[in-house]
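Reviewing the structure listed below.
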Amino acid sequence: MKLSTVLHGQTFSFSSVKEVLAKANEEKSGDILAGLAAASGLERIAAKVVLSEFLISDLRENPVVPYEDDEVTRMIQDGVDEEVYRRIRGWTMAQLREYILDYNTTEQDLKTLSRGLTAEVIAGVCKLMSNLDLIYAANKIRITATCNTTIGERGCLSTRLQPNHATDNVEGITASLLEGLSYGCGDALLGLNPVNDAVAGLSDVLKRFDEIKNRYEIPTQICVLGHITTQIEAVKRGAPCDMIFQSIAGSQKGNSAFGFSAETVREALALLQERGTAKGPDVLYFETGQGSELSSDAHHGADQVTMEARCYGFARPFHPFMVNTVVGFIGPEYLYDSRQVIRAGLEDHFMGKLTGLPMGCDCCYTNHMLADQNDIENLSLLLAGAGVNYILGVPAGDDVMLNYQTNAYHDANTIREILNLRPIRAFEQWLERMGIMENGRLTARAGDPTLFTAGR
Amino acid sequence: MLDEKLVEEIVRAVLEQLEAERDCCKICGGENPCRDIASKECRQTTLLAEPADAEAMRRMKKRTTARIGVGRTGPRLNTQTLLTLRADHAKARDAVFLDVPPEFVEGLGLFTVQSRCVEKNQFLTRPDLGRQLCEEGEAAIRSRCTPNPDVQIFLADGLSSTAIEANAETILAILIEGLRQRGFTVGTPFFVRFGRVGIEDQVAEILGAKVVCVLIGERPGLGSAESMSAYIAYNARVGMPEARRTVVSNIHRDGINAAEAGAYLVDLIEKVYREKASGVALRQ
């Protein structure tokens with residue numbers, strides 16, 4: 001393994017695989033904050049050159065967090081299909097990139113390849129790709145998953161309807177929910193972020209979601225995104241629940257800062273298989289986002305793209321129904337501006353797909369970042385082009401509880417119409433029955449939340 | 001008869017003038033009054049042309065601050081909704097990126113110190129530097145503040161200068177007066193430019209304060225750019241866990257207003273002082 005190179009007459013030397021991975025990253029304020037970023041533009045490219053000559057085995061044998069110290073590393077390493085790995089271990093990273101982009105490499109080839117890759121390899125090849133590479137490669141892969149309905153089919157773009165409320169008022173949540181449904185949103189999930197992470201409040205909202213889902217016979221999924229342990233308790237006490245959610249990190253220490261471990265996820269899965277309201281088999285929902293490990297000092301000196309890839313490695317064995325990166329939520333100290341957010345969104349989506357996950361993206365921004373709604377509209381169109389499973393939908397793009405902005409209810413069908421995409425088929429048929437959609441377009445009635453209550 | 005006619009004429013003239021005043025805009029002189037699309041009244045109006053159930057629509061809008069009943073053109077937002085969103089975002093961005101005016105701080109009778117950040121973008125990308133006073137700042141509080149107070153209160157801009165301008169005067173006056181009335185010694189207040197919450201640990205250490213409380217601008221949402229938080233800690237030390245802070249957030253006109261928040265904080269600080277604990281260790 002060679003750790004140095006000459007570029008434009010200058011010699012660049014690195015001391016470890018971890019350092020090469022970090023310095024090969026596209027510029028991110030979080031890597032600068034962590035003191036890991038390349039010191040110059042040329043050093044960044046030198047690191048990419050060195051990385052491109054690493055063998056797949058070099059990256060597998062040098063995980064950024066030691067196997068002995070970390071359950072995420074152990075899950076990733078133990079999950080590798082050794083037969084696939086033996087076939088590719090001698091490839092350079094440059095070869096891996098070209099294999100992924102090659103016309104002769106089919107979707108099935110990529111899904112087989114995926115089983116032989118560790119998170120560090122996936123992060124590494126991501127760092128060698130341009131934005132359009134990331135879009136093209138991700139678009140080759142579709143990952144479906146089934147809860148009540150099946151998400152991720154080619155030709156589909158779904159949405160998680162997020163009807164958040166400043167005080168968790170159930171009637172207020174319902175008002176936002178009906179507005180969203182009337183725009184054709186909600187085929188991935190009806191999912192609320194609660195203000196109060198308490199069993200009683202969370203159960204009240206789940207009951208309301210369940211009532212609405214049953215009353216209008218909506219083919220979709222429901223979830224209230226409290227802490228995993230709160231959701232487990234709610235289900236144990238009989239709350240109707242299709243899916244359990246948790247934010248995850250790329251290290252055991254990061255997950256522990258979030259207050260759970262792999263064992264907690266196994267418990268949630270077993271509980272839902274027994275008492276959940278969904279058909280399944282895929283009943284988990286994970287969220288990620290570059291920088292969260294650094295924010296809890298759980299990054300082990302590794303860069304944020306590599307740690308993000310490790311989140312996906314952690315998620316894979318649990319067969320989630322949905323995974324999304326909340327890409328612009330964390331703030332400018334990790335992703336400074338729209339350029340960095342758009343890059344991160346494309347990276348995360350590609351890495352998740354290559355890991356074999358049904359990836360969505362919360363294309364979002366906070367008000368202290370150098371980004372605005374235009375940037376988020378750009379990112380969502382790019383990701384829809386890359387074949388993202390779902391994006392978010394909130395009233396007019398403004399989340400009144402989380403105080404950030406993401407896609408508006410209006411965006412999903414705009415993008416569908418531009419790129420000739422549809423909701424999940426069963427949901428589209430429901431929209432047609434409700435008179436909200438016709439031939440993939442919104443009808444005159446669409447956008448009226450009272451169409452659900454009128455005459456009842 | 002004549003008198004009656006005269007009265008009638010006068011009444012008509014007055015009415016006409018009133019009518020004219022109502023129609024004519026005082027701001028631009030135009031025929032109709034200028035309408036502020038960001039006003040409460042405009043937000044409460046349903047833009048959806050013909051809801052199937054208008055009464056239900058009104059009810060729904062009352063139950064949430066979310067932007068529902070906004071209607072559409074094709075699949076897209078109406079122009080008014082789009083421009084209102086842009087206006088709210090602009091206000092939020094200004095709260096983050098504009099400084100608290102020095103005259104405002106002087107008007108409160110406070111002096112200003114700075115964190116180790118030298119400009120706004122550094123402040124946004126280096127939270128670690130925003131948690132430390134610069135050398136001059138450290139010297140200034142050493143020389144200008146009364147040492148070893150029971151309670152040290154100070155302001156920091158944080159992520160919203162607007163929050164400071166909207167709330168600081170009221171909350172600071174009530175808080176300081178309230179604490180003094182209960183017999184506490186209150187340290188000399190000041191303002192930190194480019195300050196983050198954690199800077200209170202260093203302030204408490206330098207001044208030997210038993211309880212420290214920073215009043216700081218919150219990251220603005222589109223709903224309010226004026227929201228302030230108070231972070232209180234007992235015996236704060238640099239490097240202590242975040243779980244040792246007690247926080248009161250959402251201090252603004254439409255949340256807990258500054259006067260109410262001031263009174264509440266007096267009680268809370270007294271409790272922290274008596275129980276010698278803050279954050280998760282404080283039984284609330």
Side-chain angles (χ1 to χ4, degrees), chain A residues 29-30 32-33 163-167 169-176 178-180 183-184 331-334 336 366-370 372-373 394-405 408-417 441-442 445-456, chain B residues 46 48-78 81-82 84-86 88-97 121 123-128 130 158-160 218-225 227 250 254-255:
Chain A
S29 50
I32 298 170
L33 178 65
N164 291 349
H165 190 279
T167 59
N169 176 290
V170 176
E171 298 308 325
I173 290 167
T174 305
S176 282
L178 297 181
E179 170 104 352
Y183 281 94
E333 62 268 45
Y334 301 93
Y336 179 63
T366 58
N367 292 322
H368 64 320
M369 285 180 60
L370 293 172
D372 64 22
Q373 202 70 24
V394 305
D398 170 20
D399 189 304
V400 295
M401 196 289 270
L402 294 171
N403 278 335
Y404 79 127
Q405 288 86 247
Y409 288 149
H410 296 65
D411 294 350
N413 229 58
T414 308
I415 295 171
R416 287 171 182 155
E417 288 179 39
R441 282 180 112 181
L442 298 175
R445 297 182 79 185
D448 178 1
T450 69
L451 69 87
F452 293 95
T453 56
R456 276 177 186 264
Chain B
T46 303
L48 188 61
E50 288 175 340
D53 182 347
E55 186 42 45
M57 190 68 250
R58 269 192 294 277
R59 230 174 21 242
M60 284 180 180
K61 271 190 81 70
K62 277 207 184 103
R63 283 171 176 158
T64 180
T65 52
R67 294 165 206 251
I68 61 166
V70 296
R72 59 187 176 81
T73 176
R76 303 304 295 152
L77 294 169
N78 288 328
T81 311
L82 180 65
T84 309
L85 280 163
R86 295 302 302 264
D88 293 346
H89 184 240
K91 188 161 187 238
R93 283 288 295 272
D94 286 349
V96 175
F97 287 91
N121 277 319
F123 170 67
L124 291 172
T125 51
R126 293 294 303 271
D128 51 331
L159 292 172
S160 173
E218 285 177 13
R219 173 165 69 79
L222 293 196
S224 177
S227 197
N250 208 27
D254 301 320

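The analysis underlying the following values was restricted to heavy atoms, covering all of them including side chains, and did not include hydrogens, waters or symmetry mates. In what follows, chains carry the letters A, B, and so on, assigned in the order in which the sequence lines appear, proteins first and then strands, with residues in each chain numbered from 1.
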### Query
Which atoms of B:Leu48 come close to chain A, meaning under 4.5 Å heavy atom to heavy atom: side chain ones, backbone ones, both, or neither?
side chain
### Query
Which region of A:Met369, side chain (C-beta onward) or backbone (N, CA, C, O), has a non-hydrogen atom less than 4.5 Å from a non-hydrogen atom of chain B, or is it both or neither?
backbone
### Task
Sort B:Thr65 into side chain, backbone, both or neither according to what part of it lies under 4.5 angstrom from a heavy atom of chain A.
both
#### Entry: A:Tyr183, part contacting chain B, at a heavy-atom distance under 4.5 Å
side chain
### Summary
Of all heavy-atom pairs linking A:Asp448 and B:Glu50, the shortest is OD2-O, 4.1 Å
### Message
Using the side-chain contact (heavy atoms from CB on, under 4.5 Å) criterion, which residues pair with A:Asp372? Sequence neighbours excluded.
### Response
A:Asn374, A:Asp375, B:Arg86, B:His89
### Query
What's the shortest heavy-atom distance between B:Leu85 and A:Asp398, and which atoms?
CD2-CB, 4.1 Å
#### Entry: A:Asp399 versus chain B, the contacting section by heavy-atom distance below 4.5 Å
neither
### Task
Select one option (side chain, backbone, both, neither) describing which atoms of A:Ala412 are under 4.5 Å from chain B's heavy atoms.
neither
### Task
Taking all non-hydrogen atoms of both residues into account, name the closest pair between B:Thr64 and A:Ala175 and its distance.
CG2-CB, 4.4 Å
### Message
Are B:Thr125 and A:Leu33 packed together at the side-chain level, in the sense that at least one heavy-atom pair is separated by less than 4.5 angstrom?
### Response
no
### Part of A:Glu333 lying under 4.5 Å from any heavy atom of chain B
both
### Side chain, backbone, both or neither of A:Leu178 within contact of chain B (heavy atoms, under 4.5 Å)
side chain
